[in-house]
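As structure tokens, the structure follows; a few thoughts come after it.
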Amino acid sequence: MNRIKQIIRHSAHTAEVVIESASVATSARPGHFVMIRFSEDLPRIPFTIIATDPENSTFTILIHKGERLTHLIDSLEPGRELPNLLGPLGQAFEVKNYGTVICIGDGVGFVPVLPIIKALKSVGCRVITVLSEFTEQNTCLRSMAEPYSDQLLHSASVDEAVERVRSVIDSEPVNLVVMTGPTDMMKMIADTTRLRGIPSRCILNMIMLDGVGICGICRVMVDGKRKLTCIDGPTFDAHLVDFEQLLNRQRNYV
């Protein structure tokens, strides 16, 4: 049975939703996501799995700044059964002690990097977190990331976020950069880390209809090959992603 067990509302547009599903709770790993249909009249929506509790057969998602989903958030209540739940989907993030890692995401797109921050810290990484576009609406994200971050930095814009990353790279050795958020921000960071020879991973947040590779709208070019974010990602080597092609698609279709 897939049903909502608990709801923690942080604001009118943000809520943690704890879902009971033994299969997802026991098999999900950092980097995985689920496709959920909360009611028969709604489409399936992808959500990052930010936490799991196998002992209680639950996992947690975060609906963050979901202005379009305000009515949905208001309607959710514990005990509600989900008509459709598919997951865990995608490829898990490779968790190991890389050394010093910068994890960066913007206010809306920061959610996918949350479980990565926690996982990397658990294996001994030094984690430097950059929260872009920090506002009062994002305070819940800070509280989730701060316990697992050796250093937490804020920025007010994409350009400032990129400068934050460059500043850290200039001041100390960095072994890995993990990024998510606006495509232009990820492209600028990837260009910087490529020149410095720093391995980088990007977590793409793409529009999806089915989550299993049938519709193909989440396609992206990686190392000259077509990949699907839902089944090949959502994490890719940022130095191999064709961000120009991705930006052109987003300009035309988003």
Side-chain angles (χ1 to χ4, degrees), residues 30-31 48 50 91-135 138-139 141-206 220-224 227 229 233-247 250:
T48 297
I50 65 169
Q91 302 296 318
F93 188 93
E94 184 180 3
V95 177
K96 64 181 182 180
N97 191 342
Y98 293 93
T100 298
V101 183
I102 298 176
C103 294
I104 178 171
D106 78 326
V108 178
F110 189 79
V111 176
V113 82
L114 278 171
I116 308 302
I117 292 171
K118 183 177 180 180
L120 291 176
K121 186 60 181 175
S122 72
V123 296
C125 292
R126 168 172 161 76
V127 179
I128 300 173
T129 300
V130 181
L131 177 55
S132 175
E133 298 184 20
F134 180 73
T135 67
N138 300 331
T139 53
L141 299 181
R142 176 186 175 121
S143 65
M144 293 178 187
E146 196 165 26
Y148 308 102
S149 304
D150 294 276
Q151 185 178 5
L152 196 151
L153 306 173
H154 297 143
S155 64
S157 67
V158 166
D159 289 338
E160 186 178 350
V162 176
E163 286 306 313
R164 290 282 192 185
V165 173
R166 289 172 178 165
S167 178
V168 173
I169 292 173
D170 288 339
S171 63
E172 64 179 285
V174 173
N175 305 103
L176 178 69
V177 173
V178 183
M179 66 189 89
T180 183
T183 303
D184 57 342
M185 181 186 79
M186 292 193 290
K187 180 181 184 301
M188 286 188 284
I189 294 173
D191 288 343
T192 297
T193 58
R194 183 184 294 106
L195 291 174
R196 309 292 183 88
I198 301 172
S200 301
R201 304 286 182 270
C202 61
I203 306 172
L204 301 184
N205 183 15
M206 306 285 284
V220 60
M221 296 301 293
V222 181
D223 197 22
K227 299 290 184 179
T229 302
T235 303
F236 296 98
D237 184 331
H239 295 164
L240 299 180
V241 171
D242 188 338
F243 285 110
E244 284 294 344
Q245 184 265 353
L246 185 54
L247 283 166
Q250 291 174 336

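What you see below is based on every heavy atom in this structure, not just the backbone, and it leaves out hydrogens, waters and symmetry mates. Throughout, numbering of the chain's residues begins at 1 and tracks the sequence.
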Q: Show your reasoning for whether side-chain contact (heavy atoms from CB on, under 4.5 Å) applies to Thr192 and Val165.
A: CA-CA 9 Å; Thr192 297; Val165 173; 5.7 Å; no
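- In this structure, OG on Ser155 lies 6.0 Å from CD1 on Ile104, to the nearest 0.5 angstrom.
- A donor-acceptor distance shorter than 3.5 angstrom exists from the side chain of Thr180 to the backbone of Ile203, with no hydrogens or angles considered.
- Not a single side chain to side chain donor-acceptor pair (under 3.5 Å) links Gln91 to another residue, sequence neighbours left out.
- In this structure, the side chains of Ile102 and Arg164 stay at 4.5 Å or more apart for every pair of heavy atoms.
- Of all the heavy atoms in Met144 and Pro147, the pair that sits closest is O-CD, 3.7 Å.
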Listing, residues 111-122 side-chain donor-acceptor contacts under 3.5 Å, not counting sequence neighbours, or none:
{"unit_1": "Lys121", "atom_1": "NZ", "unit_2": "Asp150", "atom_2": "OD1", "d": "2.8"}
{"unit_1": "Lys121", "atom_1": "NZ", "unit_2": "Asp150", "atom_2": "OD2", "d": "2.9"}
{"unit_1": "Ser122", "atom_1": "OG", "unit_2": "Ala119", "atom_2": "O", "d": "2.6"}

Q: Assess whether side-chain contact (heavy atoms from CB on, under 4.5 Å) is satisfied between Arg196 and Val174, documenting all intermediate values.
A: CA-CA 10 Å; Arg196 309 292 183 88; Val174 173; over 6 Å; no
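- For the side-chain contact (heavy atoms from CB on, under 4.5 Å) test with Lys187, the passing option among Asp242, Val162, Leu247 is Leu247; the others fail.
- Within the 4.5 Å cutoff, the side chain of Leu204 has heavy atoms near those of the Val220 side chain.
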(Q) The test is side-chain contact (heavy atoms from CB on, under 4.5 Å); show your working for Arg126 and Asn175 and say whether it passes. (A) CA-CA 10 Å; Arg126 168 172 161 76; Asn175 305 103; over 6 Å; no
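- By the side-chain contact (heavy atoms from CB on, under 4.5 Å) test, Ser200 is found to be paired with Val177, Met179, Thr193, Ala238, His239, residues two or more places apart in sequence or in another chain being considered.
- Sorted by first and then second residue, the side-chain hydrogen bond (donor to acceptor under 3.5 Å, both in side chains) pairs with a member in residues 94-103 form an empty list; sequence neighbours excluded.
- Side-chain contact between Met186 and Val241 is absent, with no heavy-atom pair separated by less than 4.5 Å.
- Scanning both residues, Gly105 and Phe110, for their nearest heavy atoms gives O-CD1, 3.5 Å.
- Looking at residues two or more places apart in sequence or on another chain, you find a side chain to side chain donor-acceptor pair (under 3.5 Å) between Arg194 and Asp191.
- For the side chain to side chain donor-acceptor pair (under 3.5 Å) test, residues two or more places apart in sequence or in another chain that qualify with Thr129 are Ser149.
- Rounding to the nearest 0.5 Å places OG1 of Thr229 at 9.0 Å from CG of Asn205.
- Of the inter-residue distances, the one linking Arg201 atom CZ with Cys103 atom SG reads 12.0 Å to the nearest 0.5 angstrom.
- The minimum heavy-atom distance between Tyr148 and Val127, with the atom names listed, is O-CB, 3.7 Å.
- Phe243 CZ to Ile189 CD1: the interatomic distance, rounded to the nearest 0.5 Å, is 9.0 Å.
- Here Glu163 pairs with Arg166 under the side chain to side chain donor-acceptor pair (under 3.5 Å) rule; sequence neighbours left out.
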